[in-house]
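Heads up, the thing below is written out as structure tokens.
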There are 2 protein chains.
Amino acid sequence: MMKIGELAALAKVSRDTLRFYEKHGLITPGLRSEAGYRLYSETDVRRIGFIIGAKEVGFTLNEIHQLLELEVTKDEKSCHDIKHFVDAKITIVNQRLAEIKRIKKSLQTLSDACCGGDEPATHCTILEALSEQTN
Amino acid sequence: MMKIGELAALAKVSRDTLRFYEKHGLITPGLRSEAGYRLYSETDVRRIGFIIGAKEVGFTLNEIHQLLELEVTKDEKSCHDIKHFVDAKITIVNQRLAEIKRIKKSLQTLSDACCGGDEPATHCTILEALSEQTN
DNA sequence: TATAACCCTAGAGTGCAGTCTAAGGTCAAT
DNA sequence: ATTGACCTTAGACTGCACTCTAGGGTTATA
Ligand SMILES: [Zn+2]
Ligand SMILES: [Zn+2]
Ligand SMILES: [Zn+2]
Ligand SMILES: [Zn+2]
């Protein structure tokens, strides 16, 4: 049984974050010490691990909520359901990736066209390009 | 001289967005009609164009603020300054890109390992993997 | 016994980029 | 004269994921 500070240190998040997760239903409020301190069991610790892990692979807290529901009811769900969930997320991530690549390309084009010299920027191609309506 | 609705339609943003930009100092409040309607000059329209363009290449409103300052004082600034600004942004974008690629890879690995079958997900490798502490 | 280091709560604040609401004024056309 | 489409304002609300504050209680150590 660990207190919030220990778990926070272990999971590398703040105490506030842990309380925030609880308030938003990602962790179910569990045991308390006599003084009212939160006490986390091994199961709780694993659950936090799940949340951190899912966050690390790019799920939002909302999605983690849904994932946790899948996890809790995993005998009623199939691998198909869960894989589908992950694949849907991959689609979103792919869109974000394409968007960022586009942005990078635009910025690179902008940068490449600029002479980078020390004269006044009155002729700067970057400022010119940004002034032009693209749509 | 165009009214806010016309400019909004032209720039494909909402009237509210235009007023929001004004409130946050991205556009300087300009002429008004007798009735108090905002009237946008060619210069204003070009300035909005700059903002939209910069947004499209991935600058935040804060960064656009700085860019606009560079633009306004471009005879005191050099191409070097402006290129530096863009290059700093490219570095940030590259970091976001790497992060998203990492996330995509993780999700793909997760998805690939799951059988996707119709049996109960009690054995699902996705749920197992997420439960494991990565750090 | 005092001090530090921890814990609790409710609720407010942050940053981003808008979006919406209420309550009203204006303009063109029927 | 009355629609309807447009314009004005201040200020509240959204979603995301925290982060901080105030005002207290508890526990370990010197
Ligand atoms: Zn130059
Ligand atoms: Zn230049
Ligand atoms: Zn399976
Ligand atoms: Zn599976």
Side-chain angles (χ1 to χ4, degrees), chain A residues 1-41 44 47-48 50-68 89 92-93 95-96 99-100 103, chain B residues 1-27 29-41 44 48 50-68 89 92-93 95-96 99-100 103:
Chain A
M1 285 294 171
M2 37 169 54
K3 283 183 286 177
I4 199 166
E6 295 171 75
L7 180 49
L10 191 77
K12 282 160 194 158
V13 295
S14 74
R15 288 179 284 274
D16 274 336
T17 298
L18 255 18
R19 287 189 279 250
F20 174 84
Y21 288 167
E22 184 178 311
K23 196 158 80 185
H24 287 71
L26 289 155
I27 324 165
T28 17
L31 247 85
R32 294 289 182 121
S33 78
E34 278 185 30
Y37 290 13
R38 284 172 184 79
L39 295 174
Y40 296 93
S41 68
D44 296 326
R47 200 181 173 87
I48 296 290
F50 185 99
I51 295 167
I52 307 288
K55 260 187 68 66
E56 252 161 38
V57 298
F59 288 109
T60 66
L61 294 191
N62 241 321
E63 290 164 340
I64 294 171
H65 224 306
Q66 291 164 252
L67 265 174
L68 283 166
K89 184 66 186 180
I92 293 167
V93 168
Q95 285 164 7
R96 300 256 332 104
E99 170 72 359
I100 296 209
I103 287 167
Chain B
M1 285 295 173
M2 36 169 56
K3 280 182 287 177
I4 199 166
E6 294 170 77
L7 180 49
L10 191 77
K12 280 160 195 158
V13 297
S14 75
R15 287 178 285 272
D16 275 335
T17 298
L18 255 19
R19 286 189 280 248
F20 175 83
Y21 288 167
E22 184 178 312
K23 195 159 83 188
H24 287 71
L26 289 155
I27 325 165
L31 246 86
R32 294 289 182 122
S33 78
E34 278 185 30
Y37 290 14
R38 283 171 185 79
L39 294 175
Y40 296 93
S41 69
D44 296 326
I48 296 290
F50 186 98
I51 295 167
I52 307 290
K55 261 188 70 64
E56 252 161 37
V57 298
F59 288 110
T60 66
L61 293 191
N62 241 321
E63 289 163 340
I64 294 171
H65 224 307
Q66 291 164 252
L67 265 173
L68 283 166
K89 183 67 186 179
I92 294 169
V93 167
Q95 284 164 8
R96 299 255 334 105
E99 170 72 358
I100 295 208
I103 287 168

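Note that the coordinates shown come from a computational prediction; the quantities given were computed from them, not determined experimentally.
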I'd like a table of atom pairs between the protein and nucleotides 28-30 of chain D - only N or O on both sides, under 3.5 Å - with the distance next to each one.
none

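Inter-residue side-chain proximity for A/M2 and A/D44 is flagged as unmet; no heavy-atom pair is nearer than 4.5 Å. Proximity of A/L67 to A/E63: side-chain heavy atoms (C-beta onward) are nowhere separated by under 4.5 Å. Within the 4.5 Å cutoff, the side chain of A/V13 has no heavy atoms near those of the A/I48 side chain.
The ring pair (Phe, Tyr, Trp, His ring centres under 6.0 Å) test applied to A/H65 returns no partner, not counting sequence neighbours. In this structure, the salt bridge (charged side-chain N to carboxylate O under 4.0 Å, His left out) partners of B/E99, at least two apart in sequence or on a different chain, are B/R102. Take B/R19 and apply the salt bridge (charged side-chain N to carboxylate O under 4.0 Å, His left out) test, not counting sequence neighbours, and it matches B/D16. For A/F20, the ring pair (Phe, Tyr, Trp, His ring centres under 6.0 Å) criterion is met by A/H24, not counting sequence neighbours.
B/S14 comes within 4.0 angstrom of sugar-phosphate atoms only, judged by non-hydrogen atoms across all strands, and of no base. If you check every strand for non-hydrogen atoms under 4.0 Å, A/T60 touches sugar and phosphate atoms only.
Between A/R38 and C/dT9 there is a side-chain N or O to OP1 or OP2 distance below 4.0 Å. Distances shorter than 4.0 Å separate none of the side-chain N or O atoms of B/R15 from OP1 or OP2 on D/dC6. The phosphate of C/dC16 has OP1 or OP2 within less than 4.0 Å of a side-chain N or O from B/N62. A close approach under 4.0 Å does occur between a side-chain nitrogen or oxygen of B/T17 and OP1 or OP2 of C/dT19.
For the pair A/I51 CD1 and D/dA17 C1', the interatomic distance rounds to 13 Å; values are reported in whole Å. The CG-P distance, from B/D16 to D/dA12, rounds to 16 Å in whole Å. What separates CD of A/E34 from C1' of C/dC8 is a distance of 16 Å, to the nearest Å. Rounded to whole Å, atom P of C/dA28 lies 12 Å from atom CD of B/E6. The interatomic distance linking A/Y40 (OH) with C/dC8 (C1') rounds to 12 Å, in whole Å. Put simply, CG on B/L18 is 14 Å from C1' on C/dT19, counting in whole angstrom units. B/K12 has its NZ atom 20 Å from the C1' atom of C/dA17, to the nearest Å. Note: CZ (A/R32) to C1' (C/dC8) measures 8 Å, nearest angstrom.
The minimum heavy-atom distance between A/A54 and A/I64, with the atom names listed, is CB-CG1, 3.7 Å.
Contact check on A/R32 versus A/E22 returns a salt bridge, with a Lys/Arg side-chain nitrogen under 4.0 Å from an Asp/Glu carboxylate oxygen.
Looking only at distances, no side-chain donor or acceptor of A/K3 sits under 3.5 Å from a matching main-chain atom of A/S33.
Mapping B/K55 and B/A35 onto DNA chain C by nearest heavy atom places B/K55 at the nucleotide closer to the 5' end.
Listed in residue order, the members of residues 19-27 of chain B having a heavy atom less than 4.0 Å from DNA chain C are B/F20, B/Y21.
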